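This report refers to the structure that appears directly beneath it.
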2 protein chains.
Amino acid sequence: MFENQIRNKLVEKGMKVTPQRMAILEAIEILNNHPTAENIIEFIRKNHPNISTATVYKVLEALVENNLVKKVKTDRDVMRYEAISDHHHHLYCAESDRIEDYFDSELNEIIGNYFKKRNIPNFRIEEVKLQIIGKFLNDETSINQQIHLPDNK
Amino acid sequence: MFENQIRNKLVEKGMKVTPQRMAILEAIEILNNHPTAENIIEFIRKNHPNISTATVYKVLEALVENNLVKKVKTDRDVMRYEAISDHHHHLYCAESDRIEDYFDSELNEIIGNYFKKRNIPNFRIEEVKLQIIGKFLNDETSINQQIHLPDNK
DNA sequence: TATTAAATAATAATTATTCTTATTTAGTAA
DNA sequence: TTACTAAATAAGAATAATTATTATTTAATA
Ligand SMILES: [Mn+2]
Ligand SMILES: [Mn+2]
Ligand SMILES: [Zn+2]
Ligand SMILES: [Zn+2]
C-alpha cells in the first residue's frame, strides 16, 4: 500500500514518522513535476488544512538531508523539489520554466564509461547530471509526462 | 585593451554603454568564479562606490537577455552569474557551493553525436550542459581555476 | 503510561530580488 | 556643439521566498 511505502522510507532513514512528513513526501511523489514549496502546500492543504508553511520548509530540508528528496533549481528564484528516483536527467525550458525527467540508460552508460577513463584532477565525481535545455514542442497540458527512451540501438 | 573589449561586447549587442554596465561585465569576467549579485556589488563598489543594488540586478537581467551573461544555478537560494564563454560544464560541490568550469571538447563531441542520432520526442535541444557533482579534493584557496582537459585520446 | 527529544504551529525576521518614481545620461541629430 | 529623448540609474519601498524563534504538541521508547 502506497501509504506504507512512504512510511517505510522515513523509517529506513531513522526519521520520525509524522503526518506532515508523510503528506509532504506523498505530495512530491504524486505531483511528480518538480513542485515548489508553494505547490506542495496547496496540494496538501486539501486533506491537511492546518499545516504550517514553516513546517513544510523544515520538512523539505529534513527530507533533502536524508536523501529522500532533491532540490532542483531553475532560472527563477524559487526552489523546486523531486522525490529521489532512478538516475535521470532534466529537460528544461527557461521560457516556460517547465522541467521534465529524461531517463536514458544508454546515455548513462556512455557517460559513465567516459568518466571511468577520463580522470578529473582534484575532483571526486559522485554524480553526473545533464541539463538538456531547449523548447518543448507540445503544449503545457501534457505536463507530468516522463520521457523514457527505449533502448533502440 | 580590456576595457575596450568589454565596451565592444555591449556595442555589438546594441546596448547603451554605461559605466555601470561596463563595471558589472568586467567584474564578472575578472572574478571569474560564478559570483552572486552581492559578490559583484562588493567588488565594484571599490571603484564605483555609488552604484545601486537595484541597478546591478537590472543590469544583470539586461546582460542575460543579451546573451553576454548566463545564470548559474546551485542548490542554494542565490543566483550566480558567469560571462558567456566557450561551451563548458560545471564541477559542483553542494557542501562548499563551489563551482569550477570544466572544458572538455572530446566529451562535447560524444554528447553532440549522441543527440544527433537520438531524438527526444516533443523537444528541441538548444544546449546540453553537465553538472558534475562531487567533492573537490584540494582546498578552497585554489579557487578560480579552470579545468581544461588536454585531448589525450 | 510516563518521559523526553524532536517536530510542529504561529508568527516574526531575514534575504534576495523586484518595483516605483524622480533624476540623470548616452546616443543621436539638428 | 548643443539640444533632445528614450533609456538607464539611484534611492528607497515593496514583495516573495525562505529561515529563525519559541511555545506547544507529539512520536518513539522504556
Ligand atoms: Mn525572492
Ligand atoms: Mn529567495
Ligand atoms: Zn527530475
Ligand atoms: Zn561556468
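By convention in this document, chain letters (A, B, ...) are assigned in the order of the sequence lines, proteins followed by strands, and residues within each chain are numbered from 1. Because the structure is a prediction, the values reported are computed rather than measured.
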Cut-off 3.5 Å, side chains only: do Y81(B) and N39(B) have a donor facing an acceptor?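 Short answer, no.
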No-hydrogen, no-angle side-chain donor-acceptor test under 3.5 Å, H90(B) and Q131(B):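 Looking only at side-chain atoms, Q131(B) and H90(B) do not form any donor-acceptor pair under 3.5 Å.
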Just how far, in rounded Å, is [atom2] of [N] from [atom1] of [X]?
X      : N       : atom1 : atom2 : value
L10(B) : dG27(C) : CG    : C1'   : 14 Å
D77(B) : dT14(C) : CG    : C1'   : 11 Å
K73(A) : dA17(D) : NZ    : P     : 12 Å
K16(A) : dA27(D) : NZ    : C1'   : 5 Å
R21(B) : dT24(C) : CZ    : P     : 19 Å
K58(A) : dT22(D) : NZ    : P     : 14 Å
I44(A) : dT8(C)  : CD1   : C1'   : 12 Å
I41(B) : dT15(C) : CD1   : P     : 14 Å

According to a strict under-4.0 Å criterion, is Q20(B) in side-chain N/O contact with OP1 or OP2 of dA10(D)?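 So the side-chain polar atoms of Q20(B) do come within 4.0 Å of the phosphate oxygens OP1 or OP2 of dA10(D), strictly under.
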Is T18(B) touching bases, backbone alone, or none of the nucleic acid, heavy atoms closer than 4.0 Å?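 Here T18(B) touches the backbone only, sparing every base.
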Would you mind classifying the nucleic acid contact of A54(A) as base, sugar-phosphate or nothing, using non-hydrogen atoms under 4.0 angstrom?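 Base contact.
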Nearest to the side chain of S52(B) - dA10(D), dA17(D), dG27(C)?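 That would be dA10(D).
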Between dA10(D), dA9(C), dT17(C), which nucleotide has the shortest distance from any of its atoms to the side chain of A37(B)?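 Of dA10(D), dA9(C), dT17(C), dT17(C) is nearest to the side chain of A37(B).
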More 5' along DNA chain C: T53(A) or R80(B), using each one's nearest nucleotide?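 Checking each residue's closest nucleotide, the 5'-ward one belongs to T53(A).
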Return whichever of Y81(B) or V11(B) has its heavy-atom-nearest nucleotide of DNA chain C closer to the 5' end.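 Result of the comparison: Y81(B).
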Are Y102(A) and H88(A) close enough that their ring centers fall under 6.0 Å?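 Judged by ring-centre distance (under 6.0 Å), Y102(A) and H88(A) do not meet the cut-off.
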Does the distance from a Lys or Arg side-chain N to an Asp or Glu carboxylate O, for R118(B) and E106(A), drop under 4.0 Å?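 Counted as a salt bridge, because a side-chain N and a carboxylate O are separated by less than 4.0 Å.
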With sequence neighbours excluded, tell me which residues meet ring pair (Phe, Tyr, Trp, His ring centres under 6.0 Å) with H87(B).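 H87(B) satisfies ring pair (Phe, Tyr, Trp, His ring centres under 6.0 Å) with H89(B) once adjacent residues are dropped.
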